[in-house]
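Following: one structure in structure tokens, then a few remarks.
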Amino acid sequence: MNSENKLKKLVVLGTGGTIAGIAKRASDNIGYTAGQLGVAALLEMVPGMSDVLKGHTLHSEQVAQVDSKDMRFDIWLALAQRVVYFLQQPEVTAVVITHGTDTVEETAFFLQSVLPPALINSKPVVLACAMRPASALNPDGPQNLMDAATVALADQVCGVVVVCAGVAHAATDVQKAQTYRLDAFTSGDAGPLCYVEEGQIRQLKNWPQMRSEYAKVTIENIAKLSSWPRVEIVMSYAGCSAEVVDALLLAQSHGTPLRGLVVAATGSGTIHQALEVALRRAVQNGVKVVRSSRCIFGKVFSAGPAEFAHFNGLSPVKTRIALMLELMQS
Ligand code: SIN
């Protein structure tokens, strides 16, 4: 170990999830409570960690402790602020975040969209998760955490990346596609970034450079907002009606006003005619309507209603984040 390495740090931030979950019985992979063990305890479950640290010291911090289905905007903001705080320190090489699988793709995309490119284009943020609780007979969390550290400390790695089951995915592309199996994520058409095999990276494509082109808003500006723009998702499906959108418009005068609607459209971006009529009413009421597709693969084509823009291949939940960030600027 040289003197430079002695100073280097890998920071691990905990937010909860199944990776930190505990069940009453070791054989129970489902009936657990997520977000129970602290991040320091999770690191203690990885005996081989020192092998991948390349002389780095570990620093851990608990930012939140939630089941990620309950992820909140205040946690996103706190997480983004802590990531910036640590990445700005010269001795910090990378940040790993432990997170639930259910919304890890949203948190990853949010972070990629708001973290300063000057930081994440030179230092990576790697999210680690697990499909089985820490109390399981054979938990996947320790291996996933070790793989995340391996990716975080690999040469030249940058951007925001999600690691699960030995596969690393870019924040823009990753989607949870499995309810139970350990290899739960896909990057759709884009494919994964790399495999992690026995502590080695087998790289398939370039690391994600730059932040999302959809957002220009800074973390400082987000912190000043009293509330985030309200954007809801509606789905187009057989037998669809105008009622959900009309109910949202009716409620405009109470609570937080609706600023945007994302349509999880059919196929290439088509929308049921009854829903389309209601969406036009929404536009007339000052609501920005954006299309995405229910399909995991492929992109939205402009053949659908042209007045409803789209963010190419972004999934409905990521389109919602992109639209919220866009609306923060107006
Ligand atoms: C969660 O997302 O927090 C629970 C589910 C999981 O991590 O697999």
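Atoms within a ligand are numbered from 1 in the order they appear, just like the ligands themselves.
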Item to complete: Sequence neighbours left out, what pairs pass ring-ring contact (aromatic ring centres under 6.0 Å, His included) with at least one residue falling in residues 63-99?
Response: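 As it turns out, the ring-ring contact (aromatic ring centres under 6.0 Å, His included) pairs with a partner in residues 63-99, which skip direct neighbours, are H59-F86, F73-W76, F73-W228, W76-F110.
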Worksheet entry | Residue pairs, two or more places apart or on separate chains, that pass ring-ring contact (aromatic ring centres under 6.0 Å, His included) and touch residues 142-167 |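 Those involving residues 142-167 do not exist here.
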Report all side-chain donor-acceptor pairs from residues 232-251 shorter than 3.5 Å, counting only partners two or more places apart or in another chain.
from: E232; atom 1: OE2; to: R230; atom 2: NE; distance (Å): 2.8
from: E232; atom 1: OE2; to: R230; atom 2: NH2; distance (Å): 3.3
from: S236; atom 1: OG; to: H272; atom 2: N; distance (Å): 2.9
from: S241; atom 1: OG; to: E243; atom 2: N; distance (Å): 3.1
from: D246; atom 1: OD1; to: R281; atom 2: NE; distance (Å): 3.2
from: D246; atom 1: OD1; to: R281; atom 2: NH2; distance (Å): 3.4
from: D246; atom 1: OD2; to: R281; atom 2: NH2; distance (Å): 2.8

Worksheet item: Got more than 12 heavy atoms from elsewhere within 6.0 Å of NZ, K288?
Response: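 Incorrect, the count does not exceed 12.
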Item to complete: Answer yes or no: is there an ion pair linking E220 with K224, defined by an N-O contact shorter than 4.0 Å?
Response: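 No.
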Worksheet item: Can you check whether N221's main-chain N or O pairs, donor with acceptor, with T218's side chain at less than 3.5 Å?
Response: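 The answer is yes, because a donor-acceptor pair under 3.5 Å joins these two groups.
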Practice prompt. Using a strict cut-off of under 4.0 Å between a residue heavy atom and any atom of ligand 1, list the qualifying protein residues by chain and number.
Written response: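 Within the 4.0 Å shell of ligand 1, which is judged on heavy atoms, sit G17, T18, Y32, D67, S68, G100, T101, D102, A130.
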